[in-house]
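Counting convention: from 1, in listed order, for ligands and their atoms alike.
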Amino acid sequence: MTILVPEVRHLADREAVSRAAADELQRLAAAAIAVRGRFRLALAGGSTPKRLYELLAGPPWRDAIDWERLDVFFGDERAVPPDDAESNYHLAYEAMLGPVSLPPSRVHRMEAERPNLDTAALAYEATMARVFGLPAGIAEEPPRFDLVLLGLGKDGHTASLFPHTAALRETKRWCVPNWVPQQDAHRMTLTYPVLNHAREVIFLVAGEDKAEPLSEVLEGPPDPERLPSQRVRPTAGKLLFLADVAAAAMLGQH
Ligand code: 6PG
């Protein structure tokens, strides 16, 4: 079995990380559209990707991307309404989806404001099955995203896969609700079966407060229950970490 070695690119700062991600996304979009006529991506939540989304909504990236051919999903969502400042959808809409006027039929947000998150997660799986042309119901083959964007939490979490939470142990479902006691909050998240089936996964990591978790995730002993980002290893895809100097400061010290 081939062990996937992640590529780690060291960049000057958060702006450079965002620009490198914009270039990579544009390249992947063109390649996917040329081969499959569609580019299917899952957006990251949190604050780090905001600058990337803003950049994509302006030149040169805005004009170079065939937005009509995109299907935009989300890696995770907080249990808040879509107009809430805490909503990952809200951030992406304000920074990019709104400014580029992406048709609503191309944007598939997680309805994590619903009272029943189990139903919301099943609905999201049904949407993925429809958009990816997969048989309804949890088939063997999860959806294969062209690109999944992820962030890295200070505790080593990614998407809403937090340390020692139930969603870490999901081996079949594509999207699940996840109770996160550390945040005293409910979340919805894509699962490892989907993340690890992607053609490319990009982690955006910036700032000195990410130096320790990044070095533990990449170079520390395997402990995916404590460091859920360690288990993101696409089985037949590429794994790329775009990290700024501050976040990469502790690499090579293990
Ligand atoms: C979320 C995210 C989460 C995020 C990390 C990093 O909804 O919070 O999906 O996984 O990527 O917490 O967040 P920052 O980029 O804000 O540091």
Side-chain angles (χ1 to χ4, degrees), residues 11 13-18 20-21 41-55 72-96 108-113 117 120-121 124 145 147-165 167-168 170 175-192 194-196 198 201-218 224 226-232 239-244 246-249:
L11 296 140
D13 52 26
R14 191 178 290 265
E15 180 70 12
V17 164
S18 306
L41 80 160
L43 297 181
S47 58
T48 305
K50 184 167 184 265
R51 182 63 185 140
L52 163 63
Y53 301 154
E54 290 167 351
L55 289 172
V72 176
F73 288 81
F74 288 80
D76 72 320
E77 189 55 279
R78 294 98 181 259
V80 294
D83 57 358
D84 189 292
E86 282 301 303
S87 158
N88 289 335
Y89 166 78
H90 180 75
L91 181 140
Y93 183 83
E94 294 295 311
M96 177 177 69
H108 313 286
R109 74 176 182 85
M110 290 182 174
E111 298 182 356
E113 74 279 11
L117 289 187
Y124 206 62
F145 281 94
L147 175 61
V148 172
L149 295 171
L150 292 173
L152 174 67
K154 290 190 209 100
D155 59 359
H157 82 263
T158 190
S160 281
L161 298 166
F162 283 81
H164 310 293
T165 58
L168 300 186
E170 182 54 57
C175 175
V176 291
N178 197 25
W179 167 247
V180 182
Q182 304 93 310
Q183 307 247 330
D184 191 28
H186 291 281
R187 296 275 190 115
M188 268 175 75
T189 188
L190 294 184
T191 60
Y192 288 124
V194 173
L195 301 181
N196 289 333
V201 173
I202 301 179
F203 276 87
L204 306 177
V205 192
E208 61 185 359
D209 60 351
K210 301 296 173 67
E212 182 142 2
L214 185 61
S215 75
E216 287 206 278
V217 164
L218 288 175
R226 188 174 65 83
L227 300 162
S229 295
Q230 278 188 336
R231 201 178 280 157
V232 179
L239 178 58
L240 172 63
F241 284 78
L242 298 176
D244 70 359

Are the side chain of Tyr93 and the backbone of Asp83 linked by a donor-acceptor contact shorter than 3.5 Å?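 Flag not set: sc Tyr93 to bb Asp83 has no pair under 3.5 Å.
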
Between Ser18 and Arg14, is there a donor-acceptor pair closer than 3.5 Å when you use the side chain of the first and the backbone of the second?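 Yes; at least one donor-acceptor contact below 3.5 Å.
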
Closest approach of Val148 to Ala198 (non-hydrogen atoms, all atoms of both residues):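 Reported closest heavy-atom pair: CG2-CB, 3.8 Å.
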
With hydrogens left out, which residues have an atom under 4.0 Å from ligand 1, given that only heavy atoms count?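 The 4.0 Å shell around ligand 1 contains Gly45, Gly46, Ser47, Thr48, Asp76, Arg78, Asn88, Gly151, Leu152, Gly153, His157, Thr158, Ala159, Arg187, Lys210.
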
I'd like to check the ring-ring contact (aromatic ring centres under 6.0 Å, His included) partners of Phe162; sequence neighbours left out, ordered by chain and number.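 Applying ring-ring contact (aromatic ring centres under 6.0 Å, His included) to Phe162 gives His157.
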
For residues 179-186, run the donor-acceptor check on the side chains, cut-off 3.5 Å, and write out each pair with its distance to 0.1 Å, sequence neighbours left out.
unit_1: Gln182; atom_1: NE2; unit_2: Pro163; atom_2: O; d: 2.8
unit_1: Gln183; atom_1: OE1; unit_2: Arg187; atom_2: NH2; d: 3.2

Which residues satisfy the side-chain contact (heavy atoms from CB on, under 4.5 Å) test with Ala21, sequence neighbours excluded?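 Scan of Ala21 (side-chain contact (heavy atoms from CB on, under 4.5 Å), adjacent residues dropped) gives Leu52, Leu204, Leu242.
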
